[in-house]
Amino acid sequence: MFPATCSRLCRKALSIQGQRTLSLFPNSGSSNWSKVVSDAEKIVGYPTSFMSLRCLLSDEFSNVAMHVKKLIGTQHPLLNTARGFVFDSKNHLQMRGLIVLLLSKAAGPSHAASGLLPQDMVCGIYPTQRNLAEITELIHTAFLVHRGIVDLKGWTDSDGPLKDMEFGNKMAVLSGDFLLANACTGLAQLNNTKVVELISSAIGDVVQGIYNENPSNIEENSLSDGVDVAAWEEHTFLSHGALLAKSCQAAMELAKHDNESQRLAFKYGKHVALGHKLNSDLQPFVKSRAGETEAFSLSAAPVVFHRQIVGQERWRQQLQQVKTQRNQLDYSKLLAAVKSEKGVSSAVDLCCYHGNKAVEAIQAFPSSEARSALENIASAITKF
């Protein structure tokens, strides 16, 4: 898929969504999550928070960053995304790249590889695998930036001047396209047809997944009647799991590992991504305190489980019951309604299932520090 075509489709999907909030790689609720990530970064040789720094500090992107300063004082999402890249150490922006590097190190060199010498490895990782980790992060970052495109139909004076919001959208398009183009150039330089096919298909999956997502700010009564847990998992894999899963598989391909190793790497990436998304969706429901309920997506996993359990008609009735006089949702009442059934516990069970499947997949690799770090990551996503 050519970058321009991909970007155009992605922007069309995002304009339909009109998202105002962005997620980088959301924090897990576990208090030891930061330690798990920090320990893992030491194993692969350097802090992965600097993985895509070469691209982000290039002259071309620096010029874009200077223009983004014009958005200061507005509520444009691109400004918060830019702040996150520079200041936010809690979101672990480079989690996908970190997992690719850990898997590369855990698998080690392949005995069947020709032309690949163990002495070419740095910290047990081939240079092409490090390049792949950077490419994965650039693609993820490109989509994050594109998600900063605002549907101006929902624009209000409190967001900022309309001309500034329009300018922010142009910057989101330009910045995202620039990152995606750089990622595609790096992908071609890997000189591996299968890897190009894998990552290209992952880009297509992300676009399709974003297009199919149910945004939180859509009219409640127009939510699709047919969205069930199976559909939620399918959409979530496309938008949140495909890039990581296929990048993990591609890392094995670059080291010439066999099809079984590639299958297990794909499986690990898939289940970690789905488990982490479930953990993120569950946070408002497991961490909420009286009077401090935050808004949550109506397409979050606990809500999808709840809707499937109570049925569509009762769900619509509950939505009407929790609306305020201004026709807005009272999220504290809605959260209580969801928690009154088994939606939350079902989502917790599914999160634990994906965490366990990820641990199961990585068990086939030789025992090592890298494998232990991958196990710890999979286990951390099941903690709340």
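Because the structure is predicted, anything quoted here is derived from the model rather than measured. The first residue in the sequence is number 1, and the count goes up from there.
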Under the side chain to side chain donor-acceptor pair (under 3.5 Å) rule, what do His271 and Glu360 come out as? Steps first, then yes or no, please. CA-CA 10 Å; His271 288 293; Glu360 177 186 298; over 6 Å; no
Do the side chain of [X] and the main chain of [Y] share a donor and acceptor less than 3.5 angstrom apart?
X      : Y      : value
Asn356 : Cys352 : yes
His306 : Ser340 : no
Glu137 : Arg96  : yes
Ser200 : Glu197 : no
Ser104 : Val100 : yes
Gln308 : Val229 : yes
Asn279 : Ile381 : yes
Gln129 : Ala251 : yes

Any side-chain heavy-atom pair from [X] and [Y] closer than 4.5 angstrom?
X      : Y      : result
Gln249 : Lys270 : no
Asn192 : Lys256 : yes
Asp205 : Lys246 : yes
Val303 : Phe285 : yes
Leu132 : Ile199 : yes
Leu334 : Leu298 : yes
Leu190 : Val196 : no
Phe305 : Lys342 : no

Hey, could you give me the [atom1]/[atom2] distance between [X] and [Y], rounded to the nearest 0.5 Å?
X      : Y      : atom1 : atom2 : value
Glu233 : Leu238 : CD    : CG    : 12.0 Å
Arg307 : Ile309 : CZ    : CD1   : 12.5 Å
Lys333 : Gln321 : NZ    : CD    : 10.0 Å
His257 : Gln262 : NE2   : CD    : 9.0 Å
Asn259 : Met252 : CG    : CE    : 13.0 Å
Lys277 : Leu274 : NZ    : CG    : 10.0 Å

When hydrophobic residues are tied together by side-chain contacts of less than 4.5 Å, even through go-betweens, does [X] share a cluster with [Y]?
X      : Y      : value
Leu350 : Phe237 : no
Phe143 : Ile135 : yes
Phe266 : Leu198 : no
Ile43  : Leu101 : yes
Tyr353 : Val359 : no

Please lay out, stage by stage, how Glu341 and Val310 fare under the test side-chain contact (heavy atoms from CB on, under 4.5 Å). CA-CA 8 Å; Glu341 299 288 347; Val310 303; 3.7 Å; yes
Arg371/Glu375 ion pair, N-O < 4.0 Å: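 A salt bridge links Arg371 with Glu375.
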Between Arg263 and Glu260, does any side-chain N to carboxylate O distance fall below 4.0 Å?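 A salt bridge links Arg263 with Glu260.
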Search all heavy atoms of [X] against all heavy atoms of [Y] and return the closest pair with its distance.
X      : Y      : result
Lys105 : Ile125 : CB-CG1, 3.9 Å
Lys323 : Leu319 : CG-O, 3.2 Å
Trp232 : Ala300 : NE1-C, 4.3 Å
Leu335 : Pro284 : CD1-O, 3.2 Å
Cys123 : Arg130 : CB-NH2, 3.6 Å
Ala301 : Leu278 : CB-CD2, 3.4 Å

From Leu102, Leu244, Ile362, residue fulfilling side-chain contact (heavy atoms from CB on, under 4.5 Å) relative to Tyr268: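 With Tyr268 as partner, Leu102, Leu244, Ile362 yield a single side-chain contact (heavy atoms from CB on, under 4.5 Å), made by Ile362.
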Among Val44, Leu103, Leu374, which residue satisfies the side-chain contact (heavy atoms from CB on, under 4.5 Å) criterion with Leu98?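 One option only clears the test, and that one is Val44.
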Step through the shown structure and confirm whether more than 12 heavy atoms of other residues, nucleotides or ligands are within 6.0 Å of CD on Gln318.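 Result for CD/Gln318: enclosed.
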Go through the steps to decide whether His140 and Thr136 satisfy the test side-chain contact (heavy atoms from CB on, under 4.5 Å), and finish with yes or no. CA-CA 6 Å; His140 174 58; Thr136 300; 5.7 Å; no
As a quick check of understanding, evaluate side-chain contact (heavy atoms from CB on, under 4.5 Å) for Ile139 and Leu243, giving each step before the final call. CA-CA 9 Å; Ile139 293 170; Leu243 179 59; 4.0 Å; yes
Val272 and His354: side-chain contact (heavy atoms from CB on, under 4.5 Å), yes or no, with the steps? CA-CA 7 Å; Val272 162; His354 285 297; over 6 Å; no
Applying side chain to side chain donor-acceptor pair (under 3.5 Å), run through Asp258 and Ser261 and close with a yes or a no. CA-CA 6 Å; Asp258 58 22; Ser261 296; 2.9 Å; yes
